[in-house]
Amino acid sequence: MSDSTPDVAPADDPEFSSLDCSAVIADVWLVLDNECDSAARARLQQHLDECPSCLAHYGIESQLKALINRKCGGDRAPDSLRDRLRVEIRKTVVVRETRYSTGE
């Protein structure tokens with residue numbers, strides 16, 4: 001966004017006012033994971049504030065995310081697996097860089 005573009009969409013923006021439930025439900029995880037910009041967050045939040053069924057769905061998803069985090073958040077991959085993955089990722093990067101540099 002440019003410096004002159006506001007972070008939050010105005011209420012008279014057609015995209016802002018025409019957000020439907022299916023779009024909100026599809027984007028709930030974007031909000032929960034902080035993977036959307038402030039304008040999208042504002043649009044979704046306004047819809048959630050005005051739509052009890054979407055707010056309930058958001059609440060369920062939020063609780064599910066918290067439960068997953070509590071039950072699985074402390075799990076850690078074994079060091080040997082992490083090391084093998086690091087090696088494989090480096091190999092992939094080297095192969096791709098080589099292909100790009102030789103034009104293959």
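- No donor-acceptor pair closer than 3.5 Å links the side chain of Asp27 to the backbone N or O of Leu30.
- If you take SG on Cys36 and CZ on Arg43, they are separated by 8.5 Å, rounding to the nearest 0.5 Å.
- Within the 3.5 Å criterion, the main-chain N or O of Val31 finds a donor-acceptor partner in the side chain of Arg41.
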For residues 78-85, tabulate all N or O donor-acceptor pairs below 3.5 Å that involve a side-chain atom, not counting sequence neighbours.
{"residue": "Asp79", "atom": "OD1", "partner": "Arg76", "partner atom": "NH2", "Å": "3.3"}
{"residue": "Asp83", "atom": "OD1", "partner": "Arg86", "partner atom": "NH1", "Å": "3.1"}

Enumerate, atom names and distances included, each donor-acceptor pair closer than 3.5 Å involving a side-chain atom of residues 50-68, sequence neighbours excluded.
{"residue": "Glu50", "atom": "OE2", "partner": "Gln46", "partner atom": "NE2", "Å": "3.2"}
{"residue": "Glu61", "atom": "OE1", "partner": "Trp29", "partner atom": "NE1", "Å": "2.7"}
{"residue": "Lys65", "atom": "NZ", "partner": "Asp33", "partner atom": "OD1", "Å": "2.5"}

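- Residue Ile25 is not grouped with residue Leu48 when hydrophobic side chains (ILVMFWY) are merged at heavy-atom distances under 4.5 angstrom, including chains of intermediate members.
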